[in-house]
Number of protein chains: 4
Amino acid sequence: MSDHRGGPVRSEAARVAILEATARLFAERGYDHLTMEGVAAEAGVAKQTIYRWWPSKGALVSDCLLEGRLMPERLSIPTGGVLRDDLVQWLSDIHRVMAAPGGDALVRSLIAAATENVEIGRRLHESLGAASSLTERLQTAIDAGQLRADAPLDEIGEALIGAVLLRALSRSPADADGIERLVDVVLGS
Amino acid sequence: MSDHRGGPVRSEAARVAILEATARLFAERGYDHLTMEGVAAEAGVAKQTIYRWWPSKGALVSDCLLEGRLMPERLSIPTGGVLRDDLVQWLSDIHRVMAAPGGDALVRSLIAAATENVEIGRRLHESLGAASSLTERLQTAIDAGQLRADAPLDEIGEALIGAVLLRALSRSPADADGIERLVDVVLGS
Amino acid sequence: MSDHRGGPVRSEAARVAILEATARLFAERGYDHLTMEGVAAEAGVAKQTIYRWWPSKGALVSDCLLEGRLMPERLSIPTGGVLRDDLVQWLSDIHRVMAAPGGDALVRSLIAAATENVEIGRRLHESLGAASSLTERLQTAIDAGQLRADAPLDEIGEALIGAVLLRALSRSPADADGIERLVDVVLGS
Amino acid sequence: MSDHRGGPVRSEAARVAILEATARLFAERGYDHLTMEGVAAEAGVAKQTIYRWWPSKGALVSDCLLEGRLMPERLSIPTGGVLRDDLVQWLSDIHRVMAAPGGDALVRSLIAAATENVEIGRRLHESLGAASSLTERLQTAIDAGQLRADAPLDEIGEALIGAVLLRALSRSPADADGIERLVDVVLGS
DNA sequence: GCGTAAACGAGACGGTACGTCGTGTCTTGAT
DNA sequence: ATCAAGACACGACGTACCGTCTCGTTTACGC
């Protein structure tokens with residue numbers, strides 16, 4: 001099926017070592033202070049091997065994000081209970097991650113990466129659950145009669161995620177009450 | 001009163017030239033590709049003169065933001081009419097700016113700057129009207145009976161501004177309907 | 001006799017392609033800017049095929065020299081006439097080659113190659129006719145009574161060839177008179 | 001007199017450190033294996049500081065040669081005695097240097113450098129005494145009646161120096177007899 | 001014919017060095 | 001004292017080759 005006619009094949013060991021090194025250094029130093037040279041050294045790899053497969057730092061970080069190496073956990077949205085409680089729980093999880101030492105810096109680094117690289121923006125969006133899980137959860141709520149059928153799911157998601165990002169940017173940690181108020185605002189309750 | 005004991009005083013010409021050069025290059029190249037050397041050259045100023053008064057690129061951009069040299073217009077919130085219409089109008093203004101050529105890049109650059117520099121984050125927040133004008137406008141609406149008295153003003157503001165930032169990050173321009181739906185969501189209407 | 005137990009033998013096509021590519025690139029770019037990768041690409045051959053048969057760039061160039069692919073012509077020493085005239089003719093030939101566009105660069109490249117590689121030095125020596133043809137020609141002259149029988153042939157040869165190399169190094173082309181004077185000096189005439 | 005209007009001045013310390021490091025590494029490793037990065041490291045200097053003042057490795061080595069940092073001694077031509085003896089003495093000095101450990105490699109490195117860089121060729125020429133001291137010495141001999149007045153000084157010089165270079169290239173050390181024969185050849189004695 | 005083993009093209013790999021750019025600090029002489 | 005100019009040590013950039021190392025494919029012998 002492939003028209004590859006021989007020749008060496010991409011080294012999986014090198015690929016993994018590079019992504020692992022990237023994730024490690026990203027967590028340690030943040031996006032801005034992440035250097036290709038640092039990644040190469042940490043991974044025990046030649047710089048050229050990185051540039052052969054990734055055109056830029058952004059692409060590298062993007063792939064890490066895709067493989068789930070940057071976000072500490074999946075942060076999936078609870079599904080079982082009442083919509084409002086589930087959303088509050090989910091946002092609390094996110095804020096807990098951000099409240100951990102270096103947690104907000106990590107999110108800010110991801111935002112910085114997203115400003116440079118379209119793909120990172122898109123994947124960050126997805127990783128935060130917005131594009132997929134969140135709208136799914138809201139749809140479930142509609143089916144369960146907990147949300148009006150004509151509720152604008154996308155806009156609700158954007159408002160929630162956007163508020164989270166804004167908090168990360170302005171370094172103002174949210175408290176439990178703030179999270180509840182936010183959820184109430186977007187749910188109109 | 002002053003303990004200044006001779007020698008020239010800070011050159012206003014240099015100060016202005018630096019800020020103007022910074023704003024110009026910021027608009028041209030974005031925050032990441034803005035360099036101190038570039039600013040010095042563009043302003044016809046020695047690097048040391050920049051470092052004497054600003055500790056970092058972030059501080060420089062922060063001051064530009066403070067003097068309103070980075071945002072194309074004030075983007076102030078209309079005050080006269082019905083709250084929903086005013087907010088829609090305001091968000092439309094913001095999106096119009098972002099839809100202009102280079103407009104979204106400029107906003108993303110500001111976000112990038114905010115990830116690096118607390119002060120920029122704070123001032124960006126303000127410039128977008130959130131901290132001051134927006135809450136003021138919402139308070140006016142409460143006084144006019146257009147909004148419930150116990151509406152969580154801060155959270156409404158965060159949801160709106162956050163959604164705007166998220167759109168800038170994910171490069172997905174909003175349409176008029178989307179804006180209206182967003183406003184309706186946060187106003188619970 | 002051979003312990004070869006099957007498998008293809010060395011590809012003559014590859015061998016020739018490599019030597020031709022080497023000669024071509026040597027003439028184009030000189031010894032220093034000749035690269036193994038360039039030769040492989042130009043010859044349409046894998047790098048390993050070069051390294052399988054030649055240990056180094058020097059060995060490769062040395063073989064080219066041996067096969068007469070680098071020197072434009074044989075530059076053999078005329079034999080028929082009076083010794084002085086024959087030598088003058090021979091040196092004039094050499095200088096004509098060096099005066100041609102790129103001719104002196106080629107000789108300098110050969111010298112550079114000789115500084116790196118013993119074998120090249122030896123073969124360059126031979127190619128220039130010193131070791132063999134020149135001393136033969138001088139011996140002929142002795143037999144013909146045109147040169148004293150105890151004339152130090154080796155030193156005469158070294159003086160002539162050395163002067164040529166020196167001219168190549170210092171980029172000072174010789175004129176006809178200079179050549180005649182040089183021959184007169186070493187012949188003591 | 002100078003139109004230098006302020007600003008830092010070239011650091012003599014850096015200049016000397018660079019030239020010293022160059023000379024040291026040249027002697028250790030030869031021209032080919034001399035690297036700008038190595039020089040920078042050895043000199044405790046930034047690469048940019050080298051590139052600011054020298055365009056290339058060749059220029060750097062050329063300056064070293066000019067300041068007499070590469071040649072072990074001056075190798076000046078004896079002046080007092082009989083021409084033939086003085087020349088023999090001088091060539092013996094040169095060959096003694098070349099016979100020392102690394103001596104021939106150093107000369108070959110200088111030749112390699114000369115093939116790359118015109119200036120080095122010229123200065124090597126001078127350093128070996130050819131252009132100046134040698135012709136002066138020969139002129140003195142003419143004045144003293146030890147050499148014919150119409151002897152072609154330049155060609156004599158070229159023959160001598162050229163023979164030396166050729167020996168360096170072909171790695172064939174000269175013996176005392178060979179030197180005497182060479183001098184006799186060019187002097188016609 | 002049928003393994004088998006060497007040579008081949010392609011090219012990925014860990015490295016070293018390249019020459020350039022930007023950083024933040026510094027020194028100099030003029031204003 | 002502040003300024004324009006710019007040299008400096010440092011660190012990262014992205015590229016070019018190095019020489020070694022797999023990969024499949026292509027021969028050409030010996031069985």
Quick one: list whatever passes side-chain hydrogen bond (donor to acceptor under 3.5 Å, both in side chains) with D:Arg15, sequence neighbours left out. D:Glu12, D:Glu67

Provide, to the nearest angstrom, the distance between the CG atom belonging to D:Leu60 and the C1' atom belonging to E:dC18. 15 Å

Going by atom type alone, with no hydrogens or angles, which donor-acceptor pairs under 3.5 Å involve a side-chain atom of residues 103-121 of chain D and a protein atom two or more places apart or on another chain?
residue: D:Asp104; atom: OD2; partner: D:Arg108; partner atom: NH1; Å: 3.3
residue: D:Arg108; atom: NH1; partner: D:Ala168; partner atom: O; Å: 3.4
residue: D:Ser109; atom: OG; partner: D:Tyr31; partner atom: N; Å: 2.8
residue: D:Thr115; atom: OG1; partner: D:Ala112; partner atom: O; Å: 2.5
residue: D:Glu116; atom: OE1; partner: D:Tyr31; partner atom: OH; Å: 2.8
residue: D:Asn117; atom: OD1; partner: D:Glu119; partner atom: N; Å: 3.0
residue: D:Asn117; atom: OD1; partner: D:Ile120; partner atom: N; Å: 3.1
residue: D:Glu119; atom: OE2; partner: D:Arg122; partner atom: NH2; Å: 2.4

On DNA chain F, more 5' by nearest nucleotide between D:Arg15 and B:Ala43 is B:Ala43

When rounded to the nearest 0.5 Å, the distance separating CG of D:Leu19 from CH2 of D:Trp53 is 13.0 Å

Test of understanding: with side-chain hydrogen bond (donor to acceptor under 3.5 Å, both in side chains), list the residues that count as partners of C:Lys47, not counting sequence neighbours. C:Glu37

For B:Asp32 and E:dG22, what is the distance between atoms CG and C1' respectively, to the nearest whole Å? 14 Å

Taking CD from D:Glu42 and C1' from E:dA17, how many angstroms apart are they, rounded to a whole number? 17 Å

Atom CZ of D:Arg52 and atom C1' of E:dG22 are separated, to the nearest Å, by 13 Å

Would you list the pairs meeting side-chain hydrogen bond (donor to acceptor under 3.5 Å, both in side chains) in which at least one residue belongs to residues 19-28 of chain C, sequence neighbours left out? C:Arg24-C:Glu42

In this structure, how many angstroms lie between the P atom of E:dG11 and the CD1 atom of C:Ile50, rounded? 15 Å

Nucleotide nearest B:Ala46 when distance is taken to its side chain, options F:dT2, F:dA4, E:dC13: F:dA4

Among E:dA12, F:dA4, E:dC8, the one nearest C:Ser11 by side-chain distance: E:dC8

Need to verify one output field. Residue with the more 5' nearest nucleotide on DNA chain E, A:Thr49 or C:Thr49? C:Thr49

B:Glu12 atom CD is separated from F:dC3 atom P, nearest whole Å, by 11 Å

I'd like a list of close polar pairs between nucleotides 16-20 of chain F and the protein, N/O only, cut-off under 3.5 Å.
residue: F:dC18; atom: OP1; partner: C:Met36; partner atom: N; Å: 3.0
residue: F:dC18; atom: OP2; partner: C:Met36; partner atom: N; Å: 3.0
residue: F:dC18; atom: OP2; partner: C:Glu37; partner atom: N; Å: 2.9
residue: F:dG19; atom: OP2; partner: C:Tyr51; partner atom: OH; Å: 2.4
residue: F:dG19; atom: O5'; partner: C:Tyr51; partner atom: OH; Å: 3.4
residue: F:dG19; atom: N7; partner: C:Lys47; partner atom: NZ; Å: 3.0
residue: F:dG19; atom: O6; partner: C:Lys47; partner atom: NZ; Å: 2.6

Holding to side-chain hydrogen bond (donor to acceptor under 3.5 Å, both in side chains), I want the full list of residues that pass it with D:Ser170, two or more places apart in sequence or in another chain. D:Ser172

Could you check whether A:Trp53 gets within reach of a base, just the sugar-phosphate, or nothing at all, counting any heavy atom under 4.0 Å? sugar-phosphate

Looking at C:Arg123 and C:Asp63, does any basic side-chain N land under 4.0 Å from a carboxylate oxygen? yes

Look at the side-chain N and O atoms of C:Arg10 and state whether any lies under 4.0 Å from the OP1 or OP2 oxygen of E:dA6. no

